[in-house]
Undergrad: 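So that we are looking at the same thing, I have put the structure below in structure tokens.
Letters go in sequence order (proteins before strands), and every chain restarts at 1. Atom set for the values below is all heavy atoms of this structure, side chains included, hydrogens, waters and symmetry mates excluded.
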Protein chains: 2
Amino acid sequence: MSPASSTTPARRPGGRTARVRAQVLAAVRAQLVEHGYDALTIDAVAARAGVHRTTVYRRWRDVGGLLADVLDETSDDDWRPPDTGSLEDDLTALNQEIFDALTADPPITTALIAASFRSEEAARALRRLWQDRYTRCEPLVDRAVRRGEIPRDTDPRALLIAATAPLYHHLVLLRTPPDPRLPAQTARSIAKAAAGGAFSVSAPPAEARP
Amino acid sequence: MSPASSTTPARRPGGRTARVRAQVLAAVRAQLVEHGYDALTIDAVAARAGVHRTTVYRRWRDVGGLLADVLDETSDDDWRPPDTGSLEDDLTALNQEIFDALTADPPITTALIAASFRSEEAARALRRLWQDRYTRCEPLVDRAVRRGEIPRDTDPRALLIAATAPLYHHLVLLRTPPDPRLPAQTARSIAKAAAGGAFSVSAPPAEARP
DNA sequence: CCATTAATGCGACAACTGTTGCATTAAGAT
DNA sequence: ATCTTAATGCAACAGTTGTCGCATTAATGG
């Protein structure tokens with residue numbers, strides 16, 4: 001049974017199974033808020049949830065599995081990217097969501113990223129999340145093309161990566177103090193770059209030049 | 001004594017101290033090449049190096065400390081960013097170095113990033129590395145300004161982050177298969193964006209508009 | 001209501017991580 | 001050559017992580 005994947009139906013979805021899951025996931029959040037990622041252990045979560053640690057190992061496998069399930073529980077299957085009427089504002093809103101997720105308390109997203117370096121459960125959940133999110137964001141670029149804001153031959157994925165990567169880079173890897181202007185500034189730069197054809201695929205690659 | 005910082009002179013830099021360090025760091029590399037980051041433990045390195053694990057704990061504190069010292073050993077104090085004559089080629093060369101570091105065998109850089117989520121030694125070493133590298137790269141942007149390739153009021157750090165963040169995002173966080181075209185493609189996009197004023201600081205921020 | 005069986009608890013065990021006090025080795029100064 | 005002391009080794013210990021076989025509880029179907 002893999003609780004990290006809500007697409008796999010539980011064999012016994014009744015009272016105790018659901019209750020244990022709710023208790024455990026609440027314990028994960030509480031432990032993260034009060035003690036941070038370093039203190040997020042199977043034992044700590046089990047004790048806090050009032051269940052046996054064997055139960056947690058059997059259902060969630062590791063800390064990464066717990067975090068993946070917390071993310072799964074809170075994620076919105078109907079999520080769509082912002083649609084504000086302009087590329088810059090769409091990207092700003094998208095970046096603000098990423099910024100909020102990376103600076104949230106409890107820090108579910110940053111904890112999941114941290115866990116992904118040691119837990120296959122976490123790595124798999126992250127991969128699925130990002131694959132899904134980047135795919136769902138492509139219409140945002142298509143809308144900008146239709147509005148005539150950017151060239152028709154813009155590479156949607158390259159634009160989206162360029163717009164979002166600096167947020168992750170600053171907040172997760174560089175660990176710089178969160179600058180609330182970052183979402184808008186990065187969105188503005190990349191929207192302007194895209195309008196100028198920086199992400200057009202028809203431009204010859206640098207290595208094609210003599 | 002902190003071996004992770006080469007600026008702190010060892011009290012006994014003689015034969016055995018230097019020899020043990022060389023053996024241990026070689027063991028770190030060999031262990032990473034043959035078994036990957038997950039199997040990089042203090043015990044494994046100590047056994048491989050032929051030293052006692054207490055020695056490793058005392059000198060390096062944790063796996064992060066080991067990786068930081070390996071990085072320190074291989075780093076070039078005289079490193080300067082590329083100077084090819086054009087912003088795009090400079091950024092391409094810089095990105096290629098990052099790409100090579102992130103796909104290298106042994107994967108010292110990616111291991112250090114992974115370790116940085118659990119080891120203060122690793123986090124400190126990474127912070128120092130990136131602070132140093134981004135600072136040393138600023139002349140690359142200054143040269144582009146002097147050549148007239150980009151506006152005078154370009155924000156050097158924003159440009160450098162935009163040019164490099166997608167590499168880290170793809171290779172470290174998204175874990176996408178390394179695309180050898182990525183360094184050049186990202187450099188080309190960002191050089192074009194910069195030329196078009198995407199990183200100028202005088203442009204009004206998005207939130208300043210009504 | 002009862003039988004079947006999935007989910008959970010229990011307690012023991014093994015492996016791993018990290019530390020400590022004392023002994024030994026060797027670097028460095030005289 | 002000798003003395004001082006930093007570096008290292010040894011073996012024991014403690015705590016944490018992860019697993020296992022069996023027992024108990026409770027979800028589910030008939």
Side-chain angles (χ1 to χ4, degrees), chain A residues 1-5 8-28 31 35-67 69 111 114-115 117-122, chain B residues 1-5 8-28 31 35-67 69 111 114-115 117-122:
Chain A
M1 185 202 303
S2 175
S5 169
T8 307
R11 290 182 187 170
R12 300 241 173 133
R16 188 174 63 171
T17 299
R19 188 185 72 253
V20 163
R21 182 179 183 236
Q23 285 167 228
V24 165
L25 300 190
V28 170
Q31 186 71 6
H35 303 286
Y37 173 67
D38 289 339
L40 189 68
T41 66
I42 297 286
D43 273 13
V45 167
R48 202 170 188 126
V51 303
H52 202 272
R53 61 207 189 79
T54 300
T55 298
V56 183
Y57 276 106
R58 284 192 182 124
R59 283 181 67 170
W60 288 275
R61 186 183 290 271
D62 56 24
V63 164
L66 286 170
L67 290 163
D69 203 17
F117 290 96
R118 305 179 73 86
S119 159
E120 188 51 38
E121 305 292 315
Chain B
M1 182 202 301
S2 174
S5 171
T8 307
R11 290 181 184 173
R12 302 241 172 135
R16 186 175 64 171
T17 299
R19 190 183 71 252
V20 163
R21 183 180 183 235
Q23 284 166 229
V24 165
L25 299 191
V28 170
Q31 186 71 8
H35 303 285
Y37 173 68
D38 289 340
L40 189 67
T41 67
I42 296 288
D43 273 12
V45 168
R48 207 173 182 122
V51 302
H52 203 273
R53 61 200 190 83
T54 298
T55 299
V56 183
Y57 275 107
R58 284 193 181 124
R59 282 181 69 170
W60 288 276
R61 187 183 290 269
D62 58 24
V63 164
L66 286 170
L67 290 163
D69 203 18
F117 290 96
R118 307 178 73 87
S119 159
E120 188 50 40
E121 306 291 318

Undergrad: Who pairs with A:Gln23 by side-chain hydrogen bond (donor to acceptor under 3.5 Å, both in side chains), at least two apart in sequence or on another chain?
TA: A:Arg19
Undergrad: Report the distance from atom CD of A:Glu121 to atom P of D:dG18, rounded to the nearest whole Å.
TA: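 One finds 12 Å between P of D:dG18 and CD of A:Glu121, rounded.
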Undergrad: Taking distance alone, no hydrogens or angles, what donor-acceptor pairs closer than 3.5 Å link side-chain atoms of residues 39-48 of chain B to residues at least two apart or in another chain?
TA:
residue : atom : partner : partner atom : Å
B:Thr41 : OG1  : B:Ala44 : N            : 3.0
B:Arg48 : NH1  : B:Gln31 : OE1          : 2.9
B:Arg48 : NH2  : B:Glu34 : OE1          : 3.1
B:Arg48 : NH2  : B:Glu34 : OE2          : 2.6

Undergrad: For DNA chain C, whose closest nucleotide is more 5', that of A:Ala18 or that of B:Ala44?
TA: A:Ala18
Undergrad: Whole-Å distance between C:dT17 C1' and B:Trp60 CH2?
TA: 18 Å
Undergrad: Please list, chain by chain and in numerical order, all residues satisfying ring-ring contact (aromatic ring centres under 6.0 Å, His included) with A:Phe117, sequence neighbours excluded.
TA: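 Scan of A:Phe117 (ring-ring contact (aromatic ring centres under 6.0 Å, His included), adjacent residues dropped) gives B:Phe117.
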Undergrad: Pull out every protein N or O sitting under 3.5 Å from an N or O of nucleotides 11-17 of chain D, one pair per line with the distance.
TA:
residue : atom : partner : partner atom : Å
D:dA11  : N6   : B:Thr54 : OG1          : 3.3

Undergrad: C:dT8 phosphate, OP1 or OP2: any side-chain N/O from A:Arg59 under 4.0 angstrom?
TA: yes
Undergrad: Indicate yes or no: does B:Asp69 engage B:Arg21 in a salt bridge with an N to O separation below 4.0 Å.
TA: yes
Undergrad: Do A:Arg59 and A:Val24 have side chains that approach each other closer than 4.5 Å (heavy atoms only, starting at C-beta)?
TA: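 Not touching, per the 4.5 Å side-chain cut-off.
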Undergrad: How does each nucleotide of nucleotides 22-30 of chain C score, in 5' to 3' order, for protein heavy atoms under 4.0 Å: base (B), sugar-phosphate only (S), or none (-)?
TA: B--BBBS--
Undergrad: By salt bridge (charged side-chain N to carboxylate O under 4.0 Å, His left out), which residues pair with B:Arg61, not counting sequence neighbours?
TA: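 B:Arg61 satisfies salt bridge (charged side-chain N to carboxylate O under 4.0 Å, His left out) with B:Glu121 once adjacent residues are dropped.
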Undergrad: For A:Ala115, what residues pass the side chain to side chain contact (heavy atoms under 4.5 Å, CB included) criterion, not counting sequence neighbours?
TA: A:Tyr37, A:Leu67, A:Ala122
Undergrad: Does B:Ser119 have any side-chain hydrogen bond (donor to acceptor under 3.5 Å, both in side chains) partners at least two apart in sequence or in another chain, and if so, which?
TA: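 side-chain hydrogen bond (donor to acceptor under 3.5 Å, both in side chains) list for B:Ser119, sorted by chain: B:Asp62.
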Undergrad: Holding to side-chain hydrogen bond (donor to acceptor under 3.5 Å, both in side chains), I want the full list of residues that pass it with B:His52, two or more places apart in sequence or in another chain.
TA: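 Expected list: B:Thr54.
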Undergrad: Quick one: bend of the helix from C:dC1-D:dG30 to C:dT30-D:dA1 from 5 pairs per end, to 10°?
TA: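 The helix from C:dC1-D:dG30 to C:dT30-D:dA1 shows an end-to-end axis angle of 40°.
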